Amino acid sequence: MQIPHRSTFDLQFEHLRTFLALADSGSFSRTGEQIGLSQSAVSRHIAALESSLGIRLFERIGRRAVLTAAGNVLCTRLEGLMREAGSLPRLVNDLAEGVRGEVRIGSCVTAANSFLPMLLGRYRQRFPEVQIMLRPGSSAKAIDGLRRGDLDLGFIC
């Protein structure tokens, strides 16, 4: 059953959270228990989301809720977006208190000796609470460090 499509939609964060919880559990009542809502509130969230998007996200099969093809696509994309949204409080805190932490940079020797000192000096003036760790070496070492996750940034020649 296709829900009439609207040209604009209003997505509410709580409805998206409810959607992901229902996609995971497959049960309206269990979802309600997990996220602290009544079964009817879960149903209202899903109905509002489906109405806003203009598509069915779940097929109701007995007491189970099974993702439709569209629901599956939304679920996959939304999981990544929700992880990103989870990092927002840290980002806002960093903006309010100033950026802190550590940046690990791998670089070819040419870059480390030519333009990086000036660039990193300006960065340090702007963000004095950030520790900069520069690891000069070969381009291959920088690429390998990025692949392993040992480096945050790499300059290769």
Side-chain angles (χ1 to χ4, degrees), residues 1-107 119-120 123-124 126-135 137 139-156:
M1 178 170 134
Q2 188 80 11
I3 299 171
H5 180 68
R6 294 167 45 187
S7 61
T8 60
F9 51 86
D10 177 27
L11 298 178
Q12 294 187 24
F13 190 79
E14 286 302 312
H15 295 174
L16 297 173
R17 223 185 69 177
T18 302
F19 165 78
L20 285 176
L22 180 58
D24 184 52
S25 78
S27 163
F28 283 84
S29 58
R30 195 170 356 175
T31 296
E33 291 169 6
Q34 289 173 348
I35 62 175
L37 294 174
S38 67
Q39 180 180 343
S40 61
V42 171
S43 295
R44 283 192 306 274
H45 282 200
I46 299 305
L49 183 59
E50 289 178 331
S51 176
S52 183
L53 294 172
I55 56 173
R56 278 258 181 236
L57 299 171
F58 292 96
E59 291 295 329
R60 282 76 169 173
I61 301 171
R63 301 182 129 228
R64 300 262 323 139
V66 179
L67 286 170
T68 63
N72 201 25
V73 169
L74 178 63
C75 187
T76 300
R77 292 292 305 271
L78 193 53
E79 287 171 338
L81 290 172
M82 294 302 260
R83 278 192 299 277
E84 288 293 317
S87 70
L88 288 176
R90 179 177 170 223
L91 174 64
V92 170
N93 188 52
D94 285 350
L95 291 172
E97 294 184 9
V99 178
R100 297 181 183 155
E102 177 181 274
V103 177
R104 302 162 302 170
I105 303 170
S107 160
L119 184 69
L120 296 178
Y123 185 89
R124 186 177 298 279
R126 187 165 181 197
F127 305 105
E129 297 295 319
V130 176
Q131 297 287 22
I132 299 171
M133 299 182 67
L134 179 61
R135 297 179 186 161
S139 293
K141 274 185 156 182
I143 291 169
D144 190 46
L146 288 167
R147 283 189 181 132
R148 285 192 323 267
D150 296 337
L151 298 174
D152 302 305
L153 184 63
F155 291 89
I156 60 173

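Source: prediction; values computed, not measured. We count residues from 1, following the sequence as given.
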| query | So with a 6.0 Å cut-off around CE of Met82, is the heavy-atom count from everything else above 12? | reply | yes

| query | Are there more than 12 heavy atoms of other residues, nucleotides or ligands under 6.0 Å from atom CZ of Arg83? | reply |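 For Arg83, atom CZ is not crowded (no more than 12 foreign heavy atoms under 6.0 Å).
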
If you look at every heavy atom in [X] and [Y], which pair is closest and at what distance?
{"X": "Ala23", "Y": "Cys75", "answer": "CB-SG, 3.9 Å"}
{"X": "Leu49", "Y": "Leu16", "answer": "CD1-CD2, 3.8 Å"}
{"X": "Leu151", "Y": "Gly106", "answer": "CD1-CA, 3.5 Å"}
{"X": "Phe19", "Y": "Gly71", "answer": "CZ-O, 3.4 Å"}
{"X": "Ser25", "Y": "Gln34", "answer": "CB-OE1, 4.0 Å"}

| task | Applying side chain to side chain donor-acceptor pair (under 3.5 Å), name anything that partners Asp152, two or more places apart in sequence or on another chain. | result | Arg104

Below 4.5 Å, heavy atoms only, C-beta onward: do [X] and [Y] meet side chain to side chain?
{"X": "Leu53", "Y": "Leu74", "value": "yes"}
{"X": "Thr68", "Y": "Phe58", "value": "no"}
{"X": "Ile46", "Y": "Phe28", "value": "yes"}

| Sidechain-backbone polar pair: Ser51 side chain, Ala47 backbone, donor-acceptor under 3.5 Å | no

Gap between atom [atom2] of [Y] and atom [atom1] of [X] - 0.5 Å precision:
{"X": "Leu37", "Y": "Thr31", "atom1": "CG", "atom2": "OG1", "answer": "9.5 Å"}
{"X": "Gln39", "Y": "Arg30", "atom1": "CD", "atom2": "CZ", "answer": "11.5 Å"}
{"X": "Ser107", "Y": "Arg135", "atom1": "OG", "atom2": "CZ", "answer": "12.5 Å"}
{"X": "Leu81", "Y": "Thr76", "atom1": "CG", "atom2": "OG1", "answer": "11.0 Å"}

| message | As a quick check of understanding, evaluate side-chain contact (heavy atoms from CB on, under 4.5 Å) for Val103 and Phe127, giving each step before the final call. | response | CA-CA 11 Å; Val103 177; Phe127 305 105; over 6 Å; no

| field | Pairs touching residues 14-24 that satisfy side-chain hydrogen bond (donor to acceptor under 3.5 Å, both in side chains), sequence neighbours left out | value |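 Counting only pairs at least two positions apart or across chains, the side-chain hydrogen bond (donor to acceptor under 3.5 Å, both in side chains) contacts touching residues 14-24 are Thr18-His45.
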
| field | Intermediate values then yes/no, side-chain contact (heavy atoms from CB on, under 4.5 Å), Leu57 and Leu22 | value | CA-CA 10 Å; Leu57 299 171; Leu22 180 58; over 6 Å; no

